[in-house]
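Whatever order the structure lists them in is the order used to number ligands and atoms, beginning at 1. This is a predicted model, so every value here is computed, not measured.
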Amino acid sequence: MVLEPLYTITVTCGNCDHLFKTSRVRPSFKKAVKTDTDFCGYYKNENPDYYVVRVCPQCGFASTENSIEKLNDHQRSEFRTKISSRWIKRDFGGHRSLEDALETYKLALLCAQCIGERDRIIASLLHHIAWLYRYQKNEEQEQRFLAHSLESYIRVYELEGVGANDARLLYLIGEINRRLGRFNDAVQWFSRVIQDKKIMDAAMIRASREQWSLLREQMMNEKLELPEEMNSL
Ligand SMILES: [Zn+2]
């Protein structure tokens, strides 16, 4: 028997309670053949990231498994006026192309902004949209969405402070800064991961050191003045 990469699950809409089907990629197909330094994955078959957003065909509410499960009355009314009143019924339950995936992420972003989702969710949606543009080799849009995701990630850090996944968050903020050419900011964030004695995440410390060295090389190649930290570390 040949196993198909996709299977469907049934989810309940957080807005209208409608039950609908959405596809997911089987775990055995989820291994990336390559991963970028900001965790953007490349896959031989289906890309599991294309299937992260669940879109209710009935009302258009789009969310991920990390989103709030049920909208409150205020969120429901915001969503009704701003999005579902304009929704033209559409089903994203089956196979998704890159363009379909992009649509689902943009819809999820609109929904998240409309109901006032947490910054962590919004940052991740923005970052995924940047990756989709990277796959399309649309550098201008990629950079635009990377910059938006960076702002959101920084807000997450400022509002939620030091949490369980903090090293990864600090590393990402450093790496996105580097990718946007904001080298001096990138140095600061990588240094925090490397120097903070409370951080135990060995993989993120190693990644930060690697990107820190790469950054140093980039800055020397471009004959930029190295910040203080780069000489002392
Ligand atoms: Zn719905």
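- Distance alone, capped at 3.5 Å, places no donor-acceptor pair between the Glu117 side chain and the Cys111 backbone.
- Partner of Glu78 under the salt bridge (charged side-chain N to carboxylate O under 4.0 Å, His left out) criterion, out of Arg76, Arg80, Lys82: Lys82 alone.
- Ordered by chain and number, Cys13 SG, Cys16 SG, Cys56 SG, Cys59 SG make up the set of protein N, O or S atoms under 2.8 Å of the Zn ion (ligand 1).
- Listed by first then second residue, pairs satisfying salt bridge (Lys or Arg N to Asp or Glu O under 4.0 Å) with a partner in residues 125-136 read Asp36-Arg134, Asp38-Arg134, Arg134-Glu142, not counting sequence neighbours.
- In this structure Trp189 satisfies the ring-ring contact (aromatic ring centres under 6.0 Å, His included) test together with Tyr157, sequence neighbours excluded.
- At least one test fails for Arg144 against the ring of Tyr133: distance under 6.0 Å to the centre or angle within 45° of the axis.
- Residue pairs that meet the ring pair (Phe, Tyr, Trp, His ring centres under 6.0 Å) test with at least one member in residues 44-85, sequence neighbours left out, are Phe61-Phe79.
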